[in-house]
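For reference, the structure discussed in these notes is given below.
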2 protein chains.
Amino acid sequence: MTSRTILIVDDESAIRDMLRIALEMAEYRCLEASNAQDAHGLIIDEKPDLILLDWMMPGTSGIELARRLKRDEVTANIPIIMLTAKGEEDNKIQGLEVGADDYITKPFSPRELVARLKAVLRRADPQSSSQPIKVQGLCLDPASHRVTINEREVDMGPTEFRLLQFFLTHQERAYTRSQLLDHVWGGNVYVEERTVDVHIRRLRKALTVDQHENLVQTVRGTGYRFSTKAG
Amino acid sequence: MTSRTILIVDDESAIRDMLRIALEMAEYRCLEASNAQDAHGLIIDEKPDLILLDWMMPGTSGIELARRLKRDEVTANIPIIMLTAKGEEDNKIQGLEVGADDYITKPFSPRELVARLKAVLRRADPQSSSQPIKVQGLCLDPASHRVTINEREVDMGPTEFRLLQFFLTHQERAYTRSQLLDHVWGGNVYVEERTVDVHIRRLRKALTVDQHENLVQTVRGTGYRFSTKAG
DNA sequence: ATAAATTGTTGCATATTTATGACAGTTCGG
DNA sequence: CCGAACTGTCATAAATATGCAACAATTTAT
């Protein structure tokens, strides 16, 4: 995968479709929500890398959702791009105040959208894609593509590497096999869910250095979780 | 490649095209950005050798970008040439204050541009391109264009030399074949990705003196990496 | 306690990815 | 114009990774 996940929040399905197509063309993984409630749920579950948020929506408005997200520490760092209709530009100020990272007025070209989006993503986490992630002696360095435990090199296959990378960036939360397939294997791949078990096994085996295999925990009836707290 | 990478930052695509043509004629590799945001991303990703920066741009202005770059240690040493329109010359002082290495007023001749650019590049890194790089007995001297291992001369072809030079200046980091083609062969060259394998092989063969071929490591599923740490 | 679910392990055939050797076209200096 | 040095491609071999199915072990529900 390696590709980022974008959440599209808009009440008009036509617009969502349009956005989805544009983003999928650009190799992004898409999630959709037609209202603020669903959106919030998806955000908690999937921790998207960026949110495309429609300004005007029935029920909780986009701005309200944005405000809520920015208030919560967990979601505060997810960049938001506001979608506003022409003429609503006054809202620009309000939107940026709330914490939107950019805003774009409809109608817009897919190219422009993707360009802005890339810019925001880059600005948002200049490091996350290349900064090593460490936890309890375990260190994964995306740049050199290496994993070490207490300075000792650990060997694993490409899939296990991606799996670990995903876990490290999404700790302390359980994922179903299906979700893991989506995130680590990539959207449209047909693989048995049980295959995840096998790779989890392989990852654990690779991490078997100073008990580090305990970081990958089984959540019975659900799937797996990466956690530093005892399972 | 040997050729340097120049980043062109200007909001007018016509000007970008003009600059690109001039620079490509002079054998430089070009990157383009139409705004400060994209530019910043490219700078982080590609570490260009020099930046041609338009003074006036919508959004974050050129001067603002320059200021930001000079503030960050990682990008502070990348030379910047400011492009200013005639009449804006007052900005010259301001630009140089911010840390621009030169400035040039539109309109200008391609010849003049290239001349200035060469001058700045020469001034900018008098050593980095000619200082020998040593690592574990392996030594590459750009000046004499020689490679030695423990004082013994090592023989290799031009491409292998550039490849090694690139690796030595970008150690401990995995590169895809595509990235290597971009950096070592140069931007718009159509060559099979597999060709990289062959040159890696040739480079390794050349380095087969006291295990030094282990410095060039395979990163399965990704590409290659130069590292002094065991693979 | 027993059956049903769910997860852990392992071996293996298959699919992918790399390494290598050979070859033909080019370039460059005599 | 010739020969040596380089390059890029291929075909083939070798190395690894992957997915799956079968069976064991564990947990949960009845």
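Keep in mind that the numbers below use all heavy atoms, side chains included, and drop hydrogens, waters and symmetry copies. Order of the sequence lines sets the chain letters (A, B, ...), proteins ahead of strands, with each chain counted from 1.
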Quiz item: Salt-bridged, A/Arg194 to A/Asp197, with N to O below 4.0 Å?
Solution: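 Salt bridge flag = yes for A/Asp197 with A/Arg194.
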
Table of protein N/O atoms under 3.5 Å from nucleotides 7-10 of chain D N/O atoms:
| residue | atom | partner | partner atom | Å |
| --- | --- | --- | --- | --- |
| D/dT7 | OP1 | B/Pro158 | N | 3.4 |
| D/dT7 | OP1 | B/Thr159 | N | 2.8 |
| D/dT7 | OP1 | B/Thr159 | OG1 | 2.7 |
| D/dT7 | O5' | B/Thr159 | OG1 | 3.2 |
| D/dG8 | OP1 | B/Trp185 | NE1 | 3.1 |
| D/dG8 | OP2 | B/Trp185 | NE1 | 3.4 |
| D/dG8 | OP2 | B/His199 | NE2 | 2.7 |
| D/dG8 | N7 | B/Arg202 | NH1 | 3.4 |
| D/dG8 | O6 | B/Arg202 | NH2 | 2.6 |
| D/dT9 | OP2 | B/Glu192 | N | 2.9 |
| D/dT9 | OP2 | B/Thr195 | OG1 | 2.7 |

Quiz item: Is any side-chain N or O of B/Arg220 under 3.5 Å from a base N or O of D/dA15, one able to act as donor and the other as acceptor?
Solution: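 Indeed there is one.
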
Quiz item: B/Ser227 and A/Arg146: side-chain donor and acceptor closer than 3.5 Å?
Solution: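 The answer is yes; a qualifying pair exists.
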
Quiz item: In terms of side-chain heavy atoms, does B/His212 have a donor or acceptor partner in B/Gln136 at a distance below 3.5 Å?
Solution: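 B/His212 vs B/Gln136: no donor-acceptor pair found between side chains.
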
Quiz item: 5'-most contact on DNA chain C: A/Gly221 or A/Lys205, nearest heavy atom basis?
Solution: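 Whichever sits nearer the 5' end wins; that is A/Gly221.
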
Practice problem: Apply ring-ring contact (aromatic ring centres under 6.0 Å, His included) to B/His145 and B/Phe161, showing your working. | Solution: CA-CA 8 Å; B/His145 216 271; B/Phe161 183 87; 3.8 Å; yes

Rounded to whole angstroms, how far apart are [atom1] on [X] and [atom2] on [N]?
{"X": "B/Leu180", "N": "C/dT18", "atom1": "CG", "atom2": "C1'", "result": "15 Å"}
{"X": "A/Leu203", "N": "C/dG8", "atom1": "CG", "atom2": "P", "result": "12 Å"}
{"X": "A/Leu163", "N": "D/dA17", "atom1": "CG", "atom2": "P", "result": "15 Å"}
{"X": "B/Asp197", "N": "C/dT20", "atom1": "CG", "atom2": "P", "result": "10 Å"}
{"X": "A/Met156", "N": "D/dA17", "atom1": "CE", "atom2": "C1'", "result": "14 Å"}

Quiz item: Honestly, is A/Arg173 close enough over A/Tyr175, meaning NZ or CZ under 6.0 Å from the six-membered ring centre and within 45° of the axis?
Solution: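 So A/Arg173 does make the cation-pi contact.
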
Quiz item: When you check the phosphate oxygens OP1 and OP2 of C/dG8, does a side-chain N or O of A/Thr218 lie under 4.0 Å from one of them?
Solution: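 For A/Thr218, the contact criterion (side-chain N or O under 4.0 Å from OP1 or OP2 of C/dG8) is met.
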
Practice problem: Indicate, with a heavy-atom threshold strictly under 4.0 Å, whether B/Tyr224 touches base, sugar-phosphate, or nothing. | Solution: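 Since only primed, P, OP1 and OP2 atoms lie under 4.0 Å of B/Tyr224, the category is sugar-phosphate.
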
Quiz item: Is the count of non-hydrogen atoms from other residues, nucleotides or ligands lying under 6.0 Å from B/Glu151 atom CD greater than 12?
Solution: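 No, because the 6.0 Å sphere around CD of B/Glu151 holds 12 heavy atoms or fewer from other groups.
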
